**Student:** 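Before we start, here is the structure in question, set down as structure tokens.
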Number of protein chains: 2
Amino acid sequence: MGLTKSEAFTKQQNEVANLAKAVAHPARIAILEHLLKTDVCITGDLVEVLPLAQATVSQHLRELKKAGLIKGDIQGTSVCYCLDKDKWKTFINTFDNLFERIKRVTKCC
Amino acid sequence: MGLTKSEAFTKQQNEVANLAKAVAHPARIAILEHLLKTDVCITGDLVEVLPLAQATVSQHLRELKKAGLIKGDIQGTSVCYCLDKDKWKTFINTFDNLFERIKRVTKCC
DNA sequence: TTCTTTTATCGTAATATTGCATTATACCGA
DNA sequence: TCGGTATAATGCAATATTACGATAAAAGAA
């Protein structure tokens with residue numbers, strides 16, 4: 001079907017999955033890496049760096065914005081993007097928590 | 001198109017994206033959480049816990065196995081699944097590295 | 001106003017993912 | 001060997017994602 005049964009899982013499970021989905025594409029990783037290098041950037045910068053068309057880059061930016069991982073401020077004719085530190089704090093805490101629990105696992109088959 | 005241009009991105013970017021994709025579904029998060037609770041489990045356990053058909057659970061298990069995050073050992077009629085600690089070490093290191101870089105970001109728009 | 005620049009959105013096409021019923025496959029006990 | 005039980009594989013249908021060209025929208029320059 002291609003339709004995830006989100007309602008059948010807990011809110012937290014969906015939240016973790018959605019955050020993971022936001023970074024589950026190399027183009028979006030590349031966008032984040034570019035933002036780490038340059039602090040802020042505009043779509044035009046990314047179109048030059050990424051091997052994708054402008055429309056596709058815009059789409060990936062929208063995905064990241066939808067997940068809340070980046071913010072965009074309109075500045076004249078261009079839009080200035082940057083990481084949303086608050087949302088990332090949530091992201092990092094969520095996964096650190098999962099990682100800690102996994103690190104404590106010892107038994108295996 | 002639905003076809004990710006993987007070859008246009010670096011190996012590392014694809015690796016991070018693929019690891020993220022492996023956990024980008026609430027059912028797979030639920031599977032991992034069940035494994036954290038029980039250390040080991042078989043498909044039958046999961047079918048009872050998850051709101052999904054056996055075939056679907058098996059498919060999600062295969063995704064996790066493909067990503068290397070879990071291992072499966074055949075034990076008689078059933079397959080015993082558990083977390084692959086080594087692969088998780090890689091996963092955690094990869095994301096900890098990203099998280100550290102993000103924590104250091106200060107500038108924003 | 002008109003042109004240019006920049007970004008977003010729409011429409012379309014192709015592939016991927018999700019989910020399930022059904023069908024194999026494998027092992028064990030009688 | 002034959003059923004019973006359990007997992008895996010296959011095939012199908014429906015939705016989601018990815019990508020891009022074309023178009024729209026918004027702001028500044030000429």
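Since the structure is predicted, the reported quantities are computational estimates derived from the model, not experimental observations. Chain A is the first sequence line, chain B the second, and so forth, proteins listed ahead of strands; every chain is numbered from 1.
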**Student:** For Lys5(B) and dT17(D), what is the distance between atoms NZ and C1' respectively, to the nearest whole Å?
**Tutor:**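 Atom-to-atom, Lys5(B) to dT17(D), this comes out as 15 Å.
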**Student:** May I have the distance from Glu7(A) (atom CD) to dG19(C) (atom C1'), rounded to whole angstrom?
**Tutor:**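 Those two atoms, CD and C1', are 12 Å apart.
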**Student:** For Phe99(B), enumerate each residue passing the ring pair (Phe, Tyr, Trp, His ring centres under 6.0 Å) test, keeping only those at least two apart in sequence or located in another chain.
**Tutor:** Phe91(A)
**Student:** Do any pairs count as a side chain to side chain donor-acceptor pair (under 3.5 Å) and have a residue in residues 43-61 of chain A, sequence neighbours left out, and if so which ones?
**Tutor:** Arg28(A)-His60(A)
**Student:** Give me each pair satisfying side chain to side chain donor-acceptor pair (under 3.5 Å) with a member in residues 5-18 of chain A, each pair once, sequence neighbours excluded.
**Tutor:**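 Applying side chain to side chain donor-acceptor pair (under 3.5 Å) to every pair that reaches into residues 5-18 of chain A, excluding sequence neighbours, yields Thr10(A)-Gln13(A), Gln13(A)-Glu33(B).
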**Student:** I'd like to check the salt bridge (charged side-chain N to carboxylate O under 4.0 Å, His left out) partners of Lys66(A); sequence neighbours left out, ordered by chain and number.
**Tutor:** Glu63(A)
**Student:** Enter the distance from Ile42(A):CD1 to Leu61(A):CG here, rounded to the nearest 0.5 Å.
**Tutor:**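 The CD1 atom of Ile42(A) sits 11.0 Å away from the CG atom of Leu61(A).
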**Student:** Less than 4.0 angstrom between a side-chain N/O of Tyr81(B) and OP1 or OP2 of dA8(D), yes or no?
**Tutor:** yes
**Student:** Grab the CD-P distance between Gln59(B) and dT7(D) for me, whole Å please.
**Tutor:**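 Distance, rounded to whole Å: 16 Å.
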**Student:** Which residues in residues 8-33 of chain A have a heavy atom closer than 4.0 Å to any atom of DNA chain D?
**Tutor:**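 Lys21(A), His25(A), Arg28(A) - these, ordered by number, are the residues of the stretch whose heavy atoms sit under 4.0 Å from the strand.
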**Student:** How many Å lie between CG on Leu61(B) and P on dC20(C), as a whole number?
**Tutor:** 14 Å
**Student:** In this structure, how many angstroms lie between the P atom of dA9(D) and the NE2 atom of His60(B), rounded?
**Tutor:** 15 Å
**Student:** With the side chain of Leu3(B) defined as its heavy atoms from C-beta on, choose the nearest nucleotide among dT18(D), dA8(C), dA16(C).
**Tutor:** dA16(C)
**Student:** Using a cut-off of 4.0 Å on non-hydrogen atoms, how would the nucleic acid contact of Glu63(B) be classed: base, sugar-phosphate, or nothing?
**Tutor:**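 Nothing, no heavy atom under 4.0 Å.
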**Student:** Arg62(A) side chain N/O closer than 4.0 Å to the phosphate oxygens (OP1, OP2) of dA8(C)?
**Tutor:**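 No, outside the criterion.
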**Student:** When you measure from every atom of DNA chain C, which of residues 49-58 of chain A have a heavy atom less than 4.0 Å away?
**Tutor:**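 The stretch gives Gln54(A), Ala55(A), Ser58(A) as the residues lying under 4.0 Å from the strand, ordered by number.
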**Student:** What's touching nucleotides 27-30 of chain D from the protein side, N or O pairs under 3.5 Å?
**Tutor:**
none

**Student:** Any chance you could measure Ile70(A), atom CD1, to Ile31(A), atom CD1, to the nearest 0.5 Å?
**Tutor:**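 It is 6.5 Å, given to the nearest 0.5 Å.
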**Student:** Going by the rule salt bridge (charged side-chain N to carboxylate O under 4.0 Å, His left out), which residues pair with Lys65(A) if we only count those two or more places apart in sequence or in a different chain?
**Tutor:** none
**Student:** Asp39(A): what forms a salt bridge (charged side-chain N to carboxylate O under 4.0 Å, His left out) with it, not counting sequence neighbours?
**Tutor:**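 For Asp39(A), the residues satisfying salt bridge (charged side-chain N to carboxylate O under 4.0 Å, His left out) (neighbours in sequence not counted) are Lys107(B).
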**Student:** Going by the ring pair (Phe, Tyr, Trp, His ring centres under 6.0 Å) test, which pairs reach into residues 32-53 of chain B, not counting sequence neighbours?
**Tutor:** none
**Student:** Could you give the side-chain donor-acceptor pairs of residues 75-84 of chain A under 3.5 Å, partners two or more places apart or in another chain?
**Tutor:**
unit_1   : atom_1 : unit_2   : atom_2 : d
Ser78(A) : OG     : Gln75(A) : O      : 3.4
Asp84(A) : OD1    : Asp86(A) : N      : 3.2
Asp84(A) : OD1    : Lys87(A) : N      : 3.3

**Student:** In whole Å, I'd like the distance from the NZ atom of Lys65(B) to the P atom of dT7(D).
**Tutor:**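 After rounding, the gap between these two atoms is 12 Å.
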**Student:** Given that Thr4(B) and Ser6(A) both sit by DNA chain C, which one's nearest nucleotide is further toward the 5' end?
**Tutor:**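 Looking at DNA chain C, the more 5' nearest nucleotide goes with Thr4(B).
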**Student:** Without decimals, in angstroms, what is the distance between Gln75(A) CD and dT7(C) P?
**Tutor:** 11 Å
**Student:** Filter on ring pair (Phe, Tyr, Trp, His ring centres under 6.0 Å), then keep only pairs touching residues 35-55 of chain A, sequence neighbours left out; what's left?
**Tutor:**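 Passing the test, one end in residues 35-55 of chain A: no pairs.
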**Student:** To the nearest Å, give me how far apart CD1 (Ile42(B)) and P (dA26(C)) are.
**Tutor:** 19 Å
**Student:** Calculate, to the nearest 0.5 Å, the distance between atoms CG and CZ belonging to Asp96(B) and Arg101(B) respectively.
**Tutor:** 12.5 Å
